[in-house]
Amino acid sequence: MTGAEGKSDSVTDPARLDPAQLDPAQLDVARLDPAQLDPAQLDPAELDAAGAEAELARLAQEIAAANRAYHQDDAPIISDAAYDALRQRNSAIEARFPALKRADSPNEKVGDAPAAGFGKVIHAAPMLSLENAFDEADVIDFAARVRKYLGLEPQATLALTAEPKIDGLSLSLRYEGGTLVQAATRGDGETGENVTDNARTIADIPQQLVGAPEILEVRGEVYMSHADFAALNARQSAAGGKTFANPRNAAAGSLRQLDAAVTRARPLRFFAYAWGVLSDPLSDTQSGSIARLNDLGFKTNPLTTLCRSTDELIAVYTAIAAQRATLGYDIDGVVYKVDSLDLQRRLGFRSTTPRWAIAHKFPAELAWTELLAIDIQVGRTGALSPVARLRPVTVGGVVVSNATLHNEDYIAGRNATGEPIRDGRDIRVGDWVEVYRAGDVIPKIRDVDPARRPAGAIPFVFPTLCPECGSQALRDAGDAVRRCTGGMVCPAQAVEKLKHFVSRAAFDIEGLGAKQIEMFFADPVLPIREPADIFTLAARDAAAIAKLENRDGFGEKSVKKLFQAIETKRIIQLDRLIFALGIRHVGESGSALLAAHYASWPAFEAAMTTAQVGEGAAWDALLAIDGIGPVVAASIVTTFHQPAERAAIDRLMAHLQVQDVAPRQIADTPVAGKTVVFTGTLERMTRAEAKARAEALGARVAGSVSAKTDLLIAGPGAGSKAKLAAELGVETIDEDAWLALIGSA
DNA sequence: GTGCCTCGAGTTCC
DNA sequence: CTCGAGGCAC
C-alpha cells in the first residue's frame with residue numbers, strides 16, 4: 001500500500017490517497033465525525049455563512065501547508081488520517097455553502113483513488129493512443145486528410161517517419177537534470193502507475209543522461225524478445241511456476257512486480273519512440289528527435305525510416321511485414337508520423353489521438369472453431385446482445401471462448417442498412433466460425449464456413465421476449481438493437497444499472513464492484529436492489545442478525561472498509577451524480593455539460609421536472625446547451641417523468657449531499673468566451689486549423705455572422721460576411737491582426 | 001440532406 | 001476497441 005501509511009513516496013499525492021486504505025482505527029474518529037477531531041470546531045451543519053467562509057479559508061491554508069510539507073519537504077506534518085479529515089470537513093462545508101467555494105479550493109484537485117500496489121502518476125502530458133489504419137486505403141486517406149488540414153499544395157512533399165509498432169507496453173520516463181526520477185505506465189493515458197523501481201532494473205533504460213534537456217520525458221515501449229520469453233517460460237515451468245501466454249503478457253507481468261528484484265531477473269528491453277514534456281526541443285523533426293534520443297543513450301528501433309510519399313510508407317510497411325518473423329520480438333503494425341514538429345504542432349490533437357500519426361496494423365490473426373451456443377445478455381438500457389460461446393481456441397496468443405455477435409442483423413448476415421455481409425451467410429449454432437481479436441483485444445466472429453455446417457442446423461431465432469424477465473423485447477425502426485421493455489422490473493437491467501451506478505466515473509465505491517453488486521442484488525437478508533439501498537446498507541446490517549462480517553469473503557475489516565467507502569460517497573459531485581443515474585444517451589460528457597449548465601442539483605431537478613418534451617421554456621433551455629439535442633433531452637425529461645424512476649431518484653437523494661460544480665473556468669486568453677467567425681482566404685493556416693486553434697483558446701467558432709458574433713477575421717476575398725459584419729457593427733480584423741491577438745504561440 | 005466528429009454502450013480477457 | 005448513432009457544421 002504505497003504511501004497509505006504515510007510513508008514517504010514522493011510521487012503519491014496525498015490528495016489522491018484512497019481513504020479505504022487507511023488504518024480503520026484512525027478513520028473511525030476522523031471520518032465519521034470530523035468535527036470531533038477538535039471540539040472547538042462546529043459541525044458544518046451548524047455554521048453560518050460567515051463562519052463557513054472563515055473556516056474554508058483556514059482549511060485551504062492548512063491543507064496547502066500539509067501538501068507542501070508532504071511534497072516539497074518530504075516531511076509530513078500531520079497523519080494521513082488527519083489530512084483526510086481536513087479535506088472531508090472542507091468538502092462538507094463546500095457542499096453546504098457552494099457559493100463560498102474558494103477559487104483555491106483543495107477539492108479542485110481531488111481525483112480518483114489509486115489501485116492498490118503502485119502509486120499513481122498523473123502524466124504531465126497525456127499519453128495518447130493512435131488512430132488505426134487497416135489497409136492502404138486508410139493510409140491514403142490519412143495522408144490526404146493531413147495535407148488538406150495543412151492546406152499543402154498537391155506537389156508539395158510531406159515527409160513522414162515509419163517505424164515498427166512494438167507489441168509491449170508503453171512507459172514514460174522522466175529525467176530531471178539528466179537523472180531518471182520517475183517511470184510510469186500508460187494507465188488510462190491521463191494517470192499511470194509509478195513503476196520507477198522496476199524500470200531502473202531494465203538495462204536499456206539509462207539512469208543518467210549527459211547533455212539532455214533539464215526536463216525530459218522519454219516515452220517508449222517495454223517488451224521481451226522471443227528468445228528471452230521462451231527461456232523465461234522454460235525457467236518458470238521448471239520451477240513449477242506459471243508460464244506466460246505471450247511475450248507481451250510476460251513483459252507486462254514482469255514490469256508490474258511489486259518486488260523490483262523479480263523484475264530485475266526478467267529480461268526486459270526498451271525502445272524509445274516519443275517524448276512528453278521537455279524543457280528544450282530535441283530537434284525540429286520527429287526523425288531528428290529520435291536520432292537525438294539515440295545519441296543520449298536510448299535504444300531506438302533501427303527500422304525507423306524517413307519517407308516522402310504514401311508509396312514509400314507502404315513500401316516500408318511491406319518490408320517490415322516481411323521481416324516480422326525474424327525480428328526476434330513481436331510487432332503488430334507500422335506507425336507513421338508527420339516528420340516536421342512544426343506541422344505536428346499545427347495539426348494538433350482530436351480528443352484522444354494526434355492528427356499527425358496513424359498506426360497501420362497488420363492483419364489480425366485468425367482461427368477457426370466451433371460455435372457451441374448463442375446466449376443473449378441484457379444490458380443496462382435493456383439492449384439484448386448475442387454472445388457466441390465457442391470451443392476454446394488460441395487466437396493471437398490468447399485462448400478465446402466467448403465473442404460478441406453484435407446484434408440480430410449481424411447473425412442473420414446483414415449490416416445495419418440491410419446490405420449483406422459475409423455474402424449474406426447467417427451464423428447458426430454448430431457452425432464453424434472464424435474468430436479474430438479486433439484491435440488485438442475484443443474477440444469477434446468474422447466469417448462462417450457453409451461447407452462445414454452440420455446437417456439439421458437451423459437459423460438462429462432472435463428472441464422477442466426478454467430472456468431475463470419475459471417482457472416484450474422491441475426493436476425500433478432504424479435501430480440495430482432490440483430492447484427489453486421491462487425497465488426497472490427486469491432484474492438484468494436493475495443489476496446492470498447498479499453496476500453502472502458504482503462504476504469508476506460514477507460513484508466509484510471501493511469494495512463495491514460488479515461482483516459485489518451481483519451478490520447483494522440476490523441477497524435475501526441485505527439486498528441492494530436500487531441505488532438508495534447502498535446508503536442504507538450499514539444501518540440495515542447493524543439491525544440484522546445475520547451480519548455481513550460473518551459471510552464468506554467478508555471479514556470485520558473489509559466490512560468496515562466497505563461501509564467507510566460508502567460513507568465518503570454521500571457527498572458527490574453533481575456531474576458524477578447525473579452520470580450515475582444511468583439515463584440513456586447521457587454519458588460522462590453529457591453529464592458534465594448538464595452539471596456545468598444547471599450548476600446545482602435543485603436547479604437541474606426542477607428544470608427536468610418542469611420540462612415537457614418538445615415544448616416550453618425549460619425544454620428550449622435544455623436544447624440550447626451546446627451538445628444536447630432532442631434525443632438526449634427527451635431521454636432525460638422522460639426519465640424524470642416516469643413515476644417509478646422518479647421515486648427511486650428521490651429515495652436516493654434523501655441520502656446524498658450534492659457538491660455543486662464550480663462555474664466553468666474561463667480560459668485566460670483574449671478570445672475566451674468570444675464568438676468568432678472566419679471568412680475569406682486565410683493565408684497562414686487552413687480553416688480547420690484556425691478553428692481548432694481558436695477553440696483551444698476558449699473561443700466559439702461559428703460559420704456565419706450574426707448579432708452574437710464578437711469578432712470577424714476576414715482574409716482577402718471576404719464578401720457578404722464582411723459586409724454584414726460592418727452593418728451589424730461587428731469588429732473585423734485581418735489574419736495578421738488575429739495572429740497578433742492570440743500571440744501566435 | 002450529407003458528412004464529419006465525438007460520444008455512448010456493449011464487450012473480452014488478464 | 002469498435003460500432004452505431006446523436007449533434008452539428010456545411
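Below, read A as the first sequence line, B as the second, and so on, with proteins coming before strands; counting in each chain starts at 1.
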Classify A/Phe579 by what it touches in the nucleic acid, base, sugar-phosphate, or nothing, heavy-atom distance under 4.0 Å.
nothing
Take the protein atom CD1 of A/Ile442 and the nucleotide atom P of C/dG4, then report the distance between them rounded to whole Å.
15 Å
Nearest of C/dA5, C/dG6, B/dG10 to any side-chain atom of A/Val632?
C/dG6
Which of C/dG6, B/dT12, B/dG8 is nearest the side chain of A/Glu588? It is B/dG8
Closest to the side chain of A/Lys444, out of C/dG7, C/dC3, C/dC8, is C/dC3
Which sits closer to the 5' end of DNA chain B, A/Val387 or A/Val586, going by the nucleotide each is nearest to?
A/Val586
Is A/Asn407 near enough to C/dC3 that one of its side-chain N or O atoms lies under 4.0 angstrom from OP1 or OP2?
no
To the nearest angstrom, how far is A/His500 atom NE2 from B/dC7 atom C1'?
13 Å
Evaluation steps, side chain to side chain contact (heavy atoms under 4.5 Å, CB included), between A/Leu366 and A/Arg446:
CA-CA 9 Å; A/Leu366 303 168; A/Arg446 151 190 294 229; 3.7 Å; yes
A/Gly253 near the nucleic acid: base, sugar-phosphate alone, or nothing, with a heavy-atom cut-off under 4.0 Å?
nothing
Among C/dT2, B/dG10, B/dC14, the one nearest A/Ala383 by side-chain distance:
B/dG10
Side chain of A/His585 only, please: which of C/dG6, C/dG4, C/dT2 is the nearest?
C/dG6
Measure CG/A/Asp375 against P/B/dT11 and give the value in whole Å, please.
12 Å
Can you figure out which of B/dG10, B/dC13, C/dC8 approaches the side chain of A/Pro443 most closely?
B/dC13
Taking atom C1' of B/dC13 as reference, at what distance in whole Å does atom CZ of A/Phe244 sit?
15 Å
Could you tell me whether the side chain of A/Gln257 and the main chain of A/Gly253 form a donor-acceptor pair under 3.5 Å?
yes
Given that A/Arg437 and A/Gly379 both sit by DNA chain B, which one's nearest nucleotide is further toward the 5' end?
A/Gly379
Within the 4.0 Å heavy-atom criterion, would you say A/Arg380 contacts the bases, only the backbone, or no part of the nucleic acid?
sugar-phosphate
Please state how far atom NZ in A/Lys497 lies from atom P in B/dG8, giving the value in whole angstrom units.
16 Å
Are the side chain of A/His585 and the backbone of A/Ala634 linked by a donor-acceptor contact shorter than 3.5 Å?
no
Please tell me which of the listed nucleotides, B/dT11, B/dC13, C/dG4, lies nearest to the side chain of A/Val398?
B/dC13
Go through B/dT11, B/dA9, B/dC14 for me and flag the one nearest to the A/Arg584 side chain.
B/dA9
If the cut-off is 4.0 Å, is A/Ser401 near the phosphate of B/dC13, judged by side-chain N/O to OP1 or OP2?
yes
Given atom CZ of A/Arg475 and atom P of C/dG4, what is their separation to the nearest angstrom?
11 Å
OP1 or OP2 of B/dG10 less than 4.0 angstrom from a side-chain nitrogen or oxygen of A/Thr381, does that happen here?
yes
Tell me: CZ of A/Arg483 to P of B/dG8, nearest whole Å?
14 Å
Where the side chain of A/Asp626 is defined as all heavy atoms beyond and including C-beta, which of B/dC13, C/dC8, B/dC7 is the nearest nucleotide?
C/dC8
Given 3.5 Å as the limit, does a donor-acceptor pair link the side chain of A/Arg576 with the main chain of A/Ala506, or not?
yes
Looking at A/Asp426 and A/Arg414, is any side-chain nitrogen of the basic one under 4.0 Å from a carboxylate oxygen of the acidic one?
no
Can a donor-acceptor pair be found, under 3.5 Å and without considering hydrogens, that links the side chain of A/His123 to the backbone of A/Arg186?
yes
Reckon A/Gln377 has a side-chain N or O less than 4.0 Å from the OP1 or OP2 of B/dG10?
no
Can you find a pair of side-chain heavy atoms, one from A/Asp330 and one from A/Phe229, that are under 4.5 Å apart?
no
Interatomic distance, A/Leu169 CG vs B/dC14 P [rounded to whole Å]:
17 Å
Closest nucleotide among B/dC13, C/dG7, C/dT2 to the A/Pro630 side chain
C/dG7
